[in-house]
Amino acid sequence: MITIHVRLFAAHRDIVGRAEMTVQQETGATVGAVWERLVAEYPSLGRYTGRLLYAVNQQFAEPGAVLQDGDEVAIIPPVSGGARRIEPGQVCNRFNPL
Amino acid sequence: MQPFQPFVITAAPLDPAPLVAYAQTPDDGAVVTFAGVARNQFGGRSTAFLSYEAYAEMAVPVLARIAEEARARWPIGRVAIHHRIGTLEIGETAVLVVVAAPHRQEAFQAAAYIMDRIKEIAPIWKKEHWADGEAEWRHE
């Protein structure tokens, strides 16, 4: 098992009632697995699936990124008033426009 | 006096003058300043005030990265981006983007690009506090 520090912001923090939490995940767990676990525990987060960005240790990360013990995972809800929707599967393209 | 920081997340009121002073050099003939201001309404519904929250440890590097993205697209000079967090009264400045470039077209385009990217990827969130007492995060 590995220990992951989760950071939550804005509406997600309101839904969960906390800004930070620590979770135990299976060794080899991905960023996406952390999100799925949060949605299972807090179903009202589910409507954000596919419209999120993720970061591991303050760097943008793909949902498939494999976590290491002690990593900080930030769940980044859609940001302030941005008009563009994130489509599922397009998340990473948004980080790499160059 | 602390050296000027071009990329800042702060709870203090924003002033464009230091950003312009930093960005403006003899190499560049254009300096564009964009200010995003807390508006008194959204979609016809009256706003009482706004609050902004950031993942500050990450937001500062993301602002620097967005400036580099712009630099890869246009021949621009110095860039400064300051974003406010905390409670903003109506009429206060939420974000300042200052871009210098040899010519105005590049400066305008880069400033617009930087604002679009801030709203896409910078981990900064806005909560609208309506005059009727309700409040909501602007995620949509």
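Letters A, B, ... are given to chains in the order of the sequence lines, protein chains preceding strands, and every chain is numbered from 1. Quantities reported herein were computed from a predicted structural model and do not represent experimental measurements.
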Student: Give me the ring orientation class for W125(B) and F9(A): parallel if the planes are under 30° apart, tilted from 30 to 60°, perpendicular past 60°.
Tutor: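 Judged by the thresholds at 30° and 60°, the geometry between W125(B) and F9(A) is parallel.
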
Student: Report, in residue-number order, which members of residues 11-28 of chain A are under 4.5 Å from chain B by heavy-atom distance.
Tutor: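 So the qualifying residues are A11(A), R13(A), D14(A).
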
Student: For H82(B), what residues pass the ring-ring contact (aromatic ring centres under 6.0 Å, His included) criterion, not counting sequence neighbours?
Tutor: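 Applying ring-ring contact (aromatic ring centres under 6.0 Å, His included) to H82(B) gives F4(B).
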
Student: Quick check: closest heavy atoms across I124(B) and V79(A), and the distance to 0.1 Å?
Tutor: O-CB, 3.5 Å

Student: Taking side chain as C-beta onward, heavy atoms only, is M58(B) less than 4.5 Å from E72(A)?
Tutor: no

Student: The criterion is ring-ring contact (aromatic ring centres under 6.0 Å, His included); which residues satisfy it with F7(B), sequence neighbours excluded?
Tutor: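 With neighbours one apart ignored, the set is empty.
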
Student: Is there a continuous path of hydrophobic side-chain contacts, each under 4.5 Å between heavy atoms, that joins Y22(B) to I66(B)?
Tutor: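 Result: no, two separate clusters.
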
Student: The criterion is ring-ring contact (aromatic ring centres under 6.0 Å, His included); which residues satisfy it with H129(B), sequence neighbours excluded?
Tutor: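 So H129(B) forms a ring-ring contact (aromatic ring centres under 6.0 Å, His included) with F49(B).
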
Student: Decide whether W35(A) and V73(A) are clustered together by the hydrophobic rule: side chain heavy atoms of Ile, Leu, Val, Met, Phe, Trp, Tyr closer than 4.5 Å, transitively.
Tutor: yes

Student: Can you tell me which portion of E57(B) sits under 4.5 Å from chain A's heavy atoms? Options are side chain, backbone, both or neither.
Tutor: both

Student: F34(B), L88(B): one ILVMFWY side-chain cluster at the under-4.5 Å cut-off?
Tutor: yes

Student: Would you say I81(B) ends up clustered with V98(B) if hydrophobic residues are merged whenever their side chains have heavy atoms under 4.5 Å apart, either directly or through other cluster members?
Tutor: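 V98(B) and I81(B): separate clusters.
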
Student: Taking V56(A) as the starting point, is it possible to reach V66(A) by hopping between hydrophobic residues whose side chains are less than 4.5 Å apart?
Tutor: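 In one cluster: no.
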
Student: Which one wins on heavy-atom pair count under 4.5 Å against chain B: A74(A), P77(A), A55(A)?
Tutor: P77(A)

